[in-house]
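These notes are about the structure you will find just below.
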Amino acid sequence: MGGNLHRAALAMAMAAISGAGFAASREENLADPIIGSEDAVLADAPNVPPPIARDHATKVVVHIEVKEVQGRLADGVSYTFWTFGGKVPGKFIRVREGDLVEMHLDNHPDNKMPHNIDLHAVNGPGGGAAASLTAPGHSSVFSFKALNPGLFVYHCATAPVAMHVANGMYGMILVEPKGGLPKVDREYYVMQGDFYTKGANGEQGEQPFSMAKAIDEKPDYVVFNGSVGSTVGDKALSANLGETVRLFVGDGGPNLTSSFHVIGQIFDTVWAEGNMGSPTHDVQTTMIPAGGSAIVDFKISAPGTFIIVDHSLTRAFNRGALAQLKVPGDTQKLVYSGKTSDEVYQPEGPGARVAEGPGAGAPTAKTKAQRIELGAAVFANNCQACHQATGQGLPDAFPPLAKSDFLNADKARAIKTVIGGLEGKVTVLPSWRVSLRSGIA
Ligand code: CU
């Protein structure tokens with residue numbers, strides 16, 4: 001008893017130093033008496049259930065219904081998702097260490113496949129997979145004691161496992177430490193996943209799963225919360241200036257590790273890999289393995305729209321791994337000034353052009369050959385890096401300028417665009433649709 005008390009006091013002291021809530025040992029959690037019973041409060045992303053106020057262990061009854069549903073993966077692209085609760089990611093479960101969790105897995109009778117659940121929060125074979133293998137129209141029950149605190153991934157583990165996971169069968173369970181996590185103003189649930197479709201990225205219509213691409217680990221989509229654009233615009237996360245935001249971040253995979261980053265924010269605290277031991281501080285990017293998690297806290301010191309990405313950046317800008325956090329409010333000039341000046345920069349110094357005499361400014365071309373030469377220089381300095389040397393563009397990233405129907409339709413507009421920029425919406429057809437139009441495909 002004395003030993004236990006000593007260890008508890010030590011853990012509390014460590015918790016005070018590290019900022020983590022007080023967590024007990026496995027043995028203490030196993031011995032915790034179960035008092036009463038309650039139904040779990042579950043939540044769909046990006047929301048999470050409220051923090052647990054209880055100061056004792058209880059039996060938490062969790063019902064999750066597996067549903068195979070057709071849904072939107074990207075604009076014009078639908079996919080048959082296999083889900084824990086109707087959405088990707090699955091329902092967020094929140095319990096307290098020491099709790100007895102009674103899992104009910106209900107496989108909807110309309111489903112075609114058997115499914116199960118492997119919770120990484122379980123100490124037991126398969127994380128509950130064999131005990132929960134359930135045919136359509138059946139319901140399975142098993143229980144486990146939450147011996148370790150942490151943010152844990154759960155997923156389907158029915159063969160072929162990678163296929164069930166690739167179809168969206170993952171979610172998270174938070175086992176709160178007994179002392180709870182530090183209080184914050186907002187908590188959100190963000191989970192990354194990679195999708196493999198028969199057609200290429202952007203190819204329209206219902207897209208079946210591609211096992212070949214999954215085996216090659218070449219996803220067509222990498223997304224947060226189940227679809228491209230799930231968490232942008234009207235559906236962006238939100239917070240107010242001065243608030244502290246907590247993201248419970250998971251990576252369902254099945255394959256990719258996420259380099260999780262919020263552009264324009266520094267994570268004040270990160271519980272890396274979702275464990276409740278010593279957190280780290282002042283982190284820019286945290287790596288989240290497939291089947292792993294992290295908890296990140298940051299205080300909002302300046303307003304704006306903050307872009308949440310996998311910093312393996314083509315996944316963000318070409319495959320969909322991009323979300324938004326919107327913060328309204330007045331500019332905090334000391335924290336971040338915004339642009340304070342935009343002047344002409346002359347590396348050779350202002351004297352170089354003045355010395356050319358009256359009328360000198362931008363170089364002028366007297367012949368067509370000179371015009372072409374100067375135009376090529378403008379292109380090389382301003383356009384080439386993105387649109388490539390011959391203006392052919394990069395598929396799915398930068399549209400072609402050479403032979404562009406948009407530019408050729410209005411040459412005056414095209415020249416004005418180069419000089420003054422262009423604002424507003426421009427629709428660029430993906431290359432495969434251009435191919436279809438021109439009869440190449
Ligand atoms: Cu499954």
Side-chain angles (χ1 to χ4, degrees), residues 40 42-45 62-73 78-93 101-122 124-144 152-173 189 191-198 206-215 217 219-227 230 250-256 289-293:
L42 305 173
D44 286 317
V62 180
H63 278 271
I64 290 190
E65 184 182 45
V66 176
K67 290 184 201 162
E68 299 167 2
V69 293
Q70 196 181 43
R72 175 192 168 282
L73 178 56
S78 72
Y79 191 86
T80 300
F81 298 96
W82 297 351
T83 71
F84 288 107
K87 297 211 164 125
V88 179
K91 301 278 184 190
F92 196 103
I93 309 166
V101 182
E102 186 179 276
M103 261 321 292
H104 295 246
L105 193 72
D106 310 323
N107 194 349
H108 195 281
D110 291 347
N111 291 344
K112 295 184 173 62
M113 306 291 293
H115 299 284
N116 64 11
I117 190 167
D118 165 355
L119 300 112
H120 293 180
V122 170
S132 60
L133 185 62
T134 310
H138 287 251
S139 179
S140 296
V141 185
F142 72 98
S143 68
F144 67 96
F152 298 98
V153 167
Y154 67 78
H155 61 89
C156 184
T158 306
V161 180
M163 178 184 184
H164 283 248
V165 172
N167 284 345
M169 296 201 80
Y170 45 79
M172 288 204 286
I173 175 169
Y189 173 18
M191 199 160 184
Q192 184 171 321
D194 24 298
F195 284 86
Y196 305 81
T197 52
K198 186 152 180 281
E206 169 76 9
Q207 290 296 327
F209 167 70
S210 167
M211 192 63 175
K213 287 182 181 176
I215 290 169
E217 302 187 19
D220 298 282
Y221 299 90
V222 184
V223 302
F224 293 123
N225 291 353
S227 66
S230 69
D251 186 350
N255 293 321
L256 301 189
S293 70

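When a ligand or atom number is given, it counts from 1 through the structure's own listing order. Atom set for the values below is all heavy atoms of this structure, side chains included, hydrogens, waters and symmetry mates excluded.
The line from CZ of Phe195 to OG of Ser227 is 8.5 Å long, rounded to the nearest 0.5 Å. Note: Tyr196 OH to Met211 CE = 10.5 Å, rounded to the nearest 0.5 Å.
No side-chain N or O of His164 forms a donor-acceptor pair with one of His155 less than 3.5 Å apart. Side chains of Glu206 and Ser78: a donor on one and an acceptor on the other come within 3.5 Å. For His63 and Glu65, the side-chain atoms include no donor-acceptor pair closer than 3.5 Å.
Annotation: side chain of Trp82 is not in contact with side chain of Val88 (no heavy-atom distance under 4.5 Å).
Note on the Cu ion (ligand 1): protein N/O/S atoms under 2.8 Å are His115 ND1, Cys156 SG, His164 ND1, Met169 SD.
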